[in-house]
Amino acid sequence: MVVRDGSGYLQVVVSKRDVSEAAWNIGQQLTQETSLAVTGLVREDARSPGGVELTATELTVLGPSLDFPITPKEHGTSFLFEHRHLWLRSRKQVALAKIRHHVFQAIHDFFDARGFYHVSTPILTGSIGEEAGNLFATEYFDLGQAYLAQTGQLYVEAAAAALGKVYCFGPTFRAEKSKTRRHLTEFWMVEPEVAFADSSDNMRLQEDFVSYLVARALDRCKEDLKELERDVTPLERVVPPFPRISYTDAVAKVAQLGSDMTWGQDLGGDDETLLAKEYDRPVFVMNYPKEVKAFYMKENPDDPRTVLNNDCLAPEGYGEIIGGSQREDDHDRLLARIRAQRLDPAAYGWYLDLRKYGTFVHSGFGLGVERTVAWIAGVPHIRETIAFPRQIHRLYP
RNA sequence: UGGGGUGUAGCUCAACUGGCAGAGCGCCCGGCUGUUAACCGGGAGGUUGCAGGUUCGAAGCCUGCCGCCCCAGCCA
């Protein structure tokens with residue numbers, strides 16, 4: 001049999017001549033996922049996977065397990081997600097959980113080593129954010145509606161004025177009715193924000209950051225990547241600098257490759273895949289049309305139809321893992337953008353204040369952790385990269 | 001929200017043109033075995049998603065409803 005304690009797997013051999021009759025009988029009755037205590041002798045043995053195994057001398061059942069629903073055969077996704085609390089114990093799910101852990105740890109290590117401060121931004125917010133239609137609403141005492149945060153960015157801009165280099169890292173919520181392999185209604189996003197950094201500085205930080213996360217996974221998750229049968233050669237190519245292409249050039253390029261999109265539209269999922277396939281590492285697409293992007297992005301002085309932003313597209317069809325931009329730091333221009341998008345300036349009073357009292361060039365980005373983990377681990381759907389995914393049709397378990 | 005698909009045993013699926021509802025795995029009983037998703041023999045297990053309709057006869061055809069999956073949009 002194989003036992004598991006989280007640190008790894010160990011093959012255990014129960015041999016009739018080495019155990020009491022009672023222990024032998026227990027061994028005969030053992031079922032899948034029984035919780036047990038085993039005492040014995042560790043031996044090298046070429047026949048064991050891993051080369052080491054344990055000859056049991058004592059065997060105690062701590063918690064029996066009858067009719068464990070997840071058998072070693074095939075199951076469909078609906079069934080597995082209904083039993084997510086038990087599915088977590090499967091080898092591939094354990095490997096994914098470990099990769100996720102190391103990515104989380106690497107995020108904190110990267111920013112700490114570069115002098116960033118971690119700031120906790122609120123999950124309950126007023127109506128401030130990007131698009132009101134995508135917010136989860138709840139009652140908030142006498143103050144009316146509150147919403148679950150869909151970004152910490154605006155808050156982290158305020159913190160950057162205090163601390164220079166900051167990041168927030170937490171769950172974010174989008175009430176989008178999205179049903180694709182790249183979407184969850186609750187996901188984790190890390191959002192750095194840097195004072196006195198422009199759009200170019202921002203992309204340099206992004207390529208260093210993404211490369212660091214990949215390198216960390218390659219270093220610490222060898223066994224887990226192997227368990228998932230992930231071909232790591234594409235990951236080994238992920239080193240700075242990443243190629244940069246303007247939105248305008250990207251449109252021309254995907255048109256050449258057969259897409260029918262035109263200047264002014266956002267890049268669709270197919271367009272992103274088409275473009276990403278042209279490169280052997282993540283690629284930056286810069287300076288999108290103003291109309292398809294958020295109000296807080298700074299206008300591009302060289303081409304006022306566009307803004308100083310960038311997306312970062314992961315290779316192998318994993319799509320957008322980062323959206324970032326230089327922020328509009330001029331009070332009057334920002335106010336004009338807020339009005340142009342028919343947002344309520346009163347709700348953004350504090351955000352406008354940041355431009356009123358010692359404004360400064362600053363930039364930042366948001367990286368979707370589940371998308372990043374899915375790409376690194378090579379799994380087709382991001383819902384497996386989080387222990388209990390929240391999707392439009394799933395709230396259990 | 002739109003397009004496509006799907007729903008049959010605990011699980012994964014089959015069942016020709018509408019003609020006796022089946023297999024593998026799991027489970028139970030027995031055997032064998034340094035195993036790797038072990039193997040061999042036997043057994044139990046069904047309101048074919050729900051409601052109605054057509055028909056001598058419906059898992060299959062028709063109508064309505066429900067669930068799920070994939071893709072698109074939105075985005076990270």
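Letters go in sequence order (proteins before strands), and every chain restarts at 1. Because only heavy atoms are used, hydrogens play no part in the values below, and waters and symmetry mates are left out as well, while side chains stay in.
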Pairwise P distance for rG60(B) and rC20(B), with rounding to whole Å: 14 Å

Closest listed nucleotide, where the reference is the side chain of Asn134(A) and the choices are rG34(B), rA37(B), rC74(B): rC74(B)

Side chain Ser178(A) and base rC74(B) donor-acceptor under 3.5 Å: yes

OP1 or OP2 of rC69(B) under 4.0 Å from side-chain N/O of Arg394(A): yes

Side-chain N,O (His393(A)) to OP1/OP2 (rC69(B)) below 4.0 Å: no

Sugar-phosphate only, base, or nothing, as touched by Thr372(A) at under 4.0 Å among non-hydrogen atoms: nothing

Polar side-chain contact Gln32(A)-rG26(B) base: donor and acceptor under 3.5 Å: no

Sugar-phosphate, base or nothing in reach of Thr180(A), heavy atoms under 4.0 Å: base

N/O donor-acceptor pair, side chain His183(A) with base rC75(B), under 3.5 angstrom: yes

hbond_proxy Arg174(A) side chain to rG73(B) base (donor-acceptor, 3.5 Å cutoff): no

Shortest side-chain distance from Asp67(A), nucleotide among rA76(B), rC27(B), rU12(B): rC27(B)

Minimum-distance nucleotide (side-chain atoms of Phe79(A) versus rC75(B), rC11(B), rC71(B)): rC11(B)

Sugar-phosphate only, base, or nothing, as touched by Leu184(A) at under 4.0 Å among non-hydrogen atoms: base

Nearest-Å distance once atom C1' is located in both rU6(B) and rC13(B): 13 Å

Any N/O donor-acceptor pair, Arg371(A) side-chain to rC75(B) base, under 3.5 Å: yes

Nearest heavy atoms of Pro192(A) and Phe116(A), plus distance in Å: CB-CE2, 4.0 Å

Short side-chain donor-acceptor distance under 3.5 Å, Thr306(A) and Asn287(A): no

Whole-Å P distance, rC62(B) and rG4(B): 15 Å

Paired nucleotide for rC13(B) [Watson-Crick or G-U wobble; both distances under 3.5 Å]: rG22(B)

Same-atom distance (P) from rC11(B) to rC27(B), integer angstrom: 15 Å

N/O donor-acceptor pair under 3.5 Å between Ser211(A) side chain and Glu207(A) backbone: yes

Closest to the Glu176(A) side chain, choosing from rA37(B), rA76(B), rU12(B): rA76(B)

Check: Glu186(A) side chain, Arg390(A) main-chain N or O, donor-acceptor pair, under 3.5 Å: no

Touch class at under 4.0 angstrom, heavy-atom based, for Asp311(A) against every strand present: nothing

Separation of the P atoms in rU54(B) and rU63(B), to the nearest angstrom: 15 Å

Under 4.0 angstrom between Arg43(A) side-chain N/O and rG34(B) OP1 or OP2: no

Inter-nucleotide C1' distance (rG67(B), rG26(B)), Å rounded: 25 Å

G-U wobble or Watson-Crick pairing nucleotide for rC75(B) (cut-off 3.5 Å, both distances): none

Separation of atom CH2 in Trp24(A) from atom C1' in rU33(B), rounded to whole Å: 11 Å

Below 4.0 Å: OP1/OP2 of rC71(B) and any side-chain N or O of Arg181(A): yes

Could you list the donor-acceptor pairs under 3.5 angstrom formed by side chains in residues 87-106 of chain A, with sequence neighbours left out?
residue	atom	partner	partner atom	Å
Arg89(A)	NH1	Glu33(A)	OE1	3.0
Ser90(A)	OG	Trp87(A)	O	3.2
Lys92(A)	NZ	Glu229(A)	OE2	3.4
Gln93(A)	OE1	Arg84(A)	NH1	2.8
Gln93(A)	NE2	Glu384(A)	OE1	2.9
Lys98(A)	NZ	Gly6(A)	O	3.0
Arg100(A)	NH1	Glu370(A)	OE2	3.0
Arg100(A)	NH1	Thr385(A)	O	3.0
Arg100(A)	NH2	Glu370(A)	OE2	3.2

Integer angstrom distance from the C1' of rU8(B) to that of rC68(B): 15 Å

rG45(B) to rC40(B) separation - P atoms, rounded to the nearest Å: 24 Å

Side-chain H-bond candidate by donor/acceptor type, Tyr288(A) with Asp311(A), under 3.5 Å: yes

Touch class at under 4.0 angstrom, heavy-atom based, for Gln11(A) against every strand present: base

Flag for Trp188(A)-Thr172(A): side-chain donor and acceptor within less than 3.5 Å: no

